[in-house]
Amino acid sequence: MKPGGTNFSRRHFLQTAGAVGAVSMLHPYSVFASTGQAHLRIMETTDLHVHIFPYDYYGDKPADNVGVARTAAIINEIRAEASNALLVDNGDFLQGNPMGDYIAYERGMSEGQIHPIIAAMNTLGFDCSTLGNHEFNYGLDFMDAVLGGADFPFVCANVASGALGATPNADKPLNNVKPYTILDRMVVTGDGTEHAIKVGFIGFVPQQIMNWDRRWLSGNVSTRDIVDAAAAWVPEMKEAGADVIIALSHSGIEAGTRQDGMENASLHVAGVDGIDALVTGHHHRVFPSPAYEASAGLDPVAGTLQGKPAVMAGFWGSHLGLIDLLLEKQGDEWVVLSAETEARPISERVERKNIPLVESDQAVLDSVQADHDATLAYVRRAVGKTAAPLHSYFALVADDPSVQVVSQAQTWYITDMMKGTEWEGLPILSAAAPFKAGGRGGPEYYTDVPVGDVAIKNVSDLYLYPNTVRAVAITGAQVKDWLERSAGIFNQVQPNASEQPLINPDFPSYNFDVIDGVTYQLDLTQPSKFDPKGNLLDASANRVVNLQYNGQAIDMNQMFIVATNNYRAGGGGNFPGIGDDVVVFVGPDTNRDVLVRYIVEQGTINPKADANWKFAPIEGASVVFDTGPGGRVHASSVPGVSIEAAGDGADGFARYRIDLSG
Ligand code: MN
Ligand code: MG
């Protein structure tokens with residue numbers, strides 16, 4: 001076995017070996033390794049998601065907390081600290097920002113072309129990588145073309161091409177992928193002599209790819225449980241002579257007992273005999289870290305899983321993961337004497353700002369400069385069209401196009417994701433809230449895209465946060481309570497009184513969820529059932545009236561699927577009954593990536609609000625609210641409500657009156 005990465009790493013070994021003694025920051029293992037002992041350092045990147053430049057393409061502005069060009073600076077520094085180091089990636093490198101979409105949707109991967117993330121990784125001399133779930137997002141042919149450009153091998157032991165083999169070891173691997181690889185390396189021991197070592201790498205990806213990318217994978221690939229695959233392949237690696245075995249586990253760290261097919265199985269794969277250390281990922285978290293709770297087999301301070309060193313290096317290049325192994329040659333075998341793990345950040349958060357801790361590596365930037373420039377042009381250029389103006393000026397008082405298009409995309413996505421699950425066939429609703437809706441953001445803080453071209457930049461405007469898609473299964477009664485909670489943004493309104501202030505400024509707009517797929521009215525003569533923090537105020541209050549599904553009064557016992565995001569589904573905003581126990585789908589995709597895909601696939605979107613919610617009439621009542629002056633041109637065409645100008649509001653806002661008397 002002679003993988004392409006050999007030359008790179010061998011060069012690094014010799015360089016750093018030559019530097020021993022001259023470098024003052026050497027790791028203690030390198031300093032104190034004695035005769036027959038060697039310091040082997042594994043460096044990990046994970047979940048890069050095509051982040052190479054320190055740049056936020058959605059916002060079209062620099063970002064100091066992302067980019068493997070920044071992580072690269074640490075890689076170089078860290079190589080110099082150890083007499084022997086290997087660099088691996090843990091997957092999810094291919095998708096997740098507009099550069100990834102630009103290559104997949106526009107530039108393509110024709111013969112001989114190198115994907116920019118691979119170009120960056122080749123520049124850095126990666127030794128090995130595994131596949132993450134997102135490598136499958138653009139289809140198998142695309143992935144194959146990308147992997148073919150790498151100077152290093154890819155390993156993934158639990159995905160088979162076609163049907164599963166009779167045993168795991170008989171599975172046919174994907175093109176350009178092996179279940180494991182064993183790299184022949186030379187390590188320098190404490191006495192300065194070189195010794196051959198065989199370092200084995202084996203990779204794993206969540207089986208949930210079969211659901212998430214069904215359209216590409218169904219009938220074309222098969223998967224196995226991560227732990228089962230590890231148990232089958234690790235003995236074969238031992239037999240093939242691996243001295244040290246490192247698992248590249250594109251899977252999170254989750255406490256608790258093992259379940260068959262579990263998505264976040266790193267704790268359990270650590271228990272497989274013969275695995276010496278694990279690099280993990282997928283969860284976009286940092287390990288070791290006190291943010292994890294200690295539990296059986298999980299030590300978040302020592303950075304061990306089942307007693308074995310493990311690391312998770314954040315995401316988007318935010319950290320470099322390090323595993324330091326002190327090895328000793330005992331007879332024919334290399335034995336791990338001790339280990340340390342660490343995740344080293346590229347930036348730090350000071351007073352709500354990201355302060356860079358390193359500078360970009362110029363060679364990495366140079367290797368992708370052309371694709372970076374092309375991506376900038378891509379995000380600034382139309383990728384689709386909108387047949388209705390996309391604005392959020394009236395998102396708090398009427399059904400609104402900027403919220404509508406998010407719900408359309410979420411419904412489109414979740415409908416596909418429910419196929420083949422036990423939830424298929426249940427009605428699918430979608431919850432979305434306006435993010436850019438004035439308030440403390442000021443009178444300019446609105447989404448405002450005219451009819452015509454939609455650019456990727458506009459999408460970040462429509463979906464401000466990098467949330468990921470989730471779905472919950474709840475009853476009609478819970479749907480109603482969700483809306484009661486949202487309706488707490490409004491003040492109570494009295495009949496026969498004019499110009500009453502409508503909106504409670506202490507209620508954040510991101511907690512004003514509109515639910516698409518049902519129709520309803522809000523009766524503001526009623527008190528709010530919940531306070532702005534979600535605490536029950538008045539169990540008998542009923543602001544949500546005429547709640548209908550399919551033109552019929554909603555059945556309070558019927559089950560519905562509601563598409564939402566990780567914030568809400570995880571209990572964010574304290575919505576009644578909404579939390580982990582009702583979640584039925586945890587998506588790997590961000591809501592805005594789904595929105596981009598939706599716009600690209602539809603070509604022209606028509607986010608015309610359908611007025612599925614309205615205020616119920618109140619005799620003799622009118623209310624006032626403030627919005628950005630940019631809304632003036634749209635005020636007369638807002639569906640389901642009659643809005644009239646009422647002069648200026650405070651601080652540059654424009655004031656409007658709504659006559660609620662019906
Ligand atoms: Mn990821
Ligand atoms: Mg992942």
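All figures in this text were calculated on a predicted structure; none of them were measured in a lab. Sequence positions, counted from 1, serve as the residue numbers for this chain.
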Should M559 and T475 be marked as a side-chain contact (heavy atoms from CB on, under 4.5 Å) after you check the CA-CA gap, both sets of side-chain angles, and the distance that decides it?
CA-CA 4 Å; M559 293 301 290; T475 63; 3.8 Å; yes
Check step by step if side-chain hydrogen bond (donor to acceptor under 3.5 Å, both in side chains) holds for Q410 and D516.
CA-CA 10 Å; Q410 288 180 175; D516 209 50; over 6 Å; no
Residues R381, E106; criterion side-chain contact (heavy atoms from CB on, under 4.5 Å); working and verdict
CA-CA 12 Å; R381 180 170 85 221; E106 299 255 326; 2.4 Å; yes
Pair N175-D144, side-chain hydrogen bond (donor to acceptor under 3.5 Å, both in side chains): steps then yes or no
CA-CA 6 Å; N175 220 13; D144 185 28; 3.0 Å; yes
Given side-chain contact (heavy atoms from CB on, under 4.5 Å), test Q95 with D593 step by step and report yes or no.
CA-CA 9 Å; Q95 181 278 349; D593 282 348; 3.1 Å; yes
Worked verdict on S407 versus S430 for side-chain hydrogen bond (donor to acceptor under 3.5 Å, both in side chains):
CA-CA 5 Å; S407 267; S430 172; 2.8 Å; yes
Before you tell me yes or no, could you show the steps for T223 and Q208 under side-chain contact (heavy atoms from CB on, under 4.5 Å), namely the whole-Å CA-CA distance, both residues' side-chain angles and the distance that decides it to 0.1 Å?
CA-CA 9 Å; T223 62; Q208 284 70 15; over 6 Å; no
Begin from the C-alpha positions of R215 and E601 and carry the test salt bridge (Lys or Arg N to Asp or Glu O under 4.0 Å) through to its verdict.
CA-CA 14 Å; R215 62 180 173 155; E601 293 208 2; 3.2 Å; yes
Before you tell me yes or no, could you show the steps for F435 and Y465 under ring-ring contact (aromatic ring centres under 6.0 Å, His included), namely the whole-Å CA-CA distance, both residues' side-chain angles and the distance that decides it to 0.1 Å?
CA-CA 9 Å; F435 291 146; Y465 305 107; 4.8 Å; yes
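The shortest non-hydrogen separation linking S249 to S266 is OG-OG, 2.8 Å. Looking at every heavy atom in both residues, F136 comes nearest to W216 through O-CD1, 3.2 Å. In terms of heavy-atom proximity, Y413 sits nearest to P588 at OH-CD, 3.6 Å. Taking each heavy atom of C128 and F201 in turn, the nearest pair found is SG-CB, 3.8 Å. Taking both residues in full, the closest heavy atoms of Q306 and L267 are given as NE2-O, 2.9 Å, listed atom of the first, atom of the second, then distance. V286 and A343 make their closest contact through CG1-CB, 3.6 Å (heavy atoms, listed as atom of the first residue, atom of the second, distance).
Side-chain contact of Y510 with N467: a donor-acceptor pair under 3.5 Å is absent, judged by distance alone. When only modelled atom types and interatomic distance are considered, N137 and D213 share a side-chain donor-acceptor pair under 3.5 Å. N354 and R349 share a side-chain donor-acceptor pair at under 3.5 Å. A donor and an acceptor atom, one from each side chain of N511 and R568, are located under 3.5 Å apart. For the residue pair H372 / Y57, a side-chain donor-acceptor distance below 3.5 Å is found, with atom types taken as modelled. Side-chain contact check for D89 and T45: at least one donor-acceptor pair (N or O, by modelled atom type) lies under 3.5 Å.
S486 OG to W613 CH2: the interatomic distance, rounded to the nearest 0.5 Å, is 9.5 Å. To the nearest 0.5 Å, atom CG of residue D56 and atom CG of residue N65 are 9.0 Å apart. Here the CG atom belonging to L140 is positioned 12.0 Å from the CG atom belonging to N176, to the nearest 0.5 angstrom. In this structure, the separation between CD1 on I52 and CE on M121 is 9.5 Å, given to the nearest 0.5 Å. If you take CG on D481 and CD1 on I474, they are separated by 9.0 Å, rounding to the nearest 0.5 Å. Here OG1 of T421 is found 7.0 Å from CG of N211. Values are rounded to the nearest 0.5 Å.
Two residues are said to be in side-chain contact when any heavy atoms from C-beta on lie closer than 4.5 Å; T280 and T46 fail this criterion. Taking the side chain as every heavy atom from C-beta outward, M418 and L426 never approach each other to under 4.5 Å. Residues V50 and H115 have side chains in contact (heavy-atom distance under 4.5 Å, counting atoms from C-beta outward). With a 4.5 Å cut-off on side-chain heavy atoms, N565 and Y463 count as touching. V596 places a side-chain heavy atom less than 4.5 Å from the side chain of Y58. In this structure the side chain of P206 reaches within 4.5 angstrom of the side chain of H250, judged on heavy atoms. Side-chain contact check for W212 versus F585: some heavy-atom pair is nearer than 4.5 Å. Side-chain contact between I346 and D64 is absent, with no heavy atoms from C-beta onward closer than 4.5 Å.
Under a 4.0 Å N-O distance rule, the pair D589/R597 qualifies as a salt bridge.
Between W316 and H51, the angle of the ring planes stays under 30°, which puts this pair in the parallel group of the 30/60° scheme. Ring pair H284/F315 is parallel by interplanar angle, where below 30° counts as parallel and above 60° as perpendicular.
Counting only distance, with no hydrogens or angles, the side chain of Y567 and the backbone of G573 share a donor-acceptor pair below 3.5 Å. Side-chain N or O atoms of E135 include one that pairs as donor or acceptor with a backbone N or O of D92 at under 3.5 Å. In terms of modelled atom types and a separation under 3.5 Å, the side chain of D399 and the main chain of D610 share a donor-acceptor contact. Of the possible polar contacts, none joining the H282 side chain to the E263 backbone as a donor-acceptor pair under 3.5 Å is found. Checked by atom type and distance alone, the side chain of D225 pairs as donor or acceptor with a backbone atom of G261 at under 3.5 Å. A donor-acceptor distance shorter than 3.5 angstrom exists from the side chain of S251 to the backbone of A265, with no hydrogens or angles considered. At distances below 3.5 Å, not a single donor-acceptor pair connects side-chain atoms of Q478 with backbone N or O atoms of P576. Side chain of Y520 to main chain of K480: no donor-acceptor pair is present (N/O by atom type, distance under 3.5 Å, no hydrogens or angles). In this structure, the side chain of S222 engages the main chain of G162 through a donor-acceptor pair within 3.5 Å. The closest donor-acceptor contact from the side chain of R214 to the backbone of D416 lies under 3.5 Å.
For the pair R485 and F530, the cation-pi criterion (under 6.0 Å, within 45° of the ring axis) is not fulfilled. A cation-pi contact, defined as under 6.0 Å to the ring centre and within 45° of the axis, links R285 to Y292.
Shown here is D141, whose CG atom has no more than 12 heavy atoms of other residues, nucleotides or ligands within 6.0 Å.
Here the rule is side chain to side chain contact (heavy atoms under 4.5 Å, CB included) with L462, and of S392, S402, P607 only S402 fits it.
F560 and Y549 have their aromatic ring centers within a separation under 6.0 angstrom.
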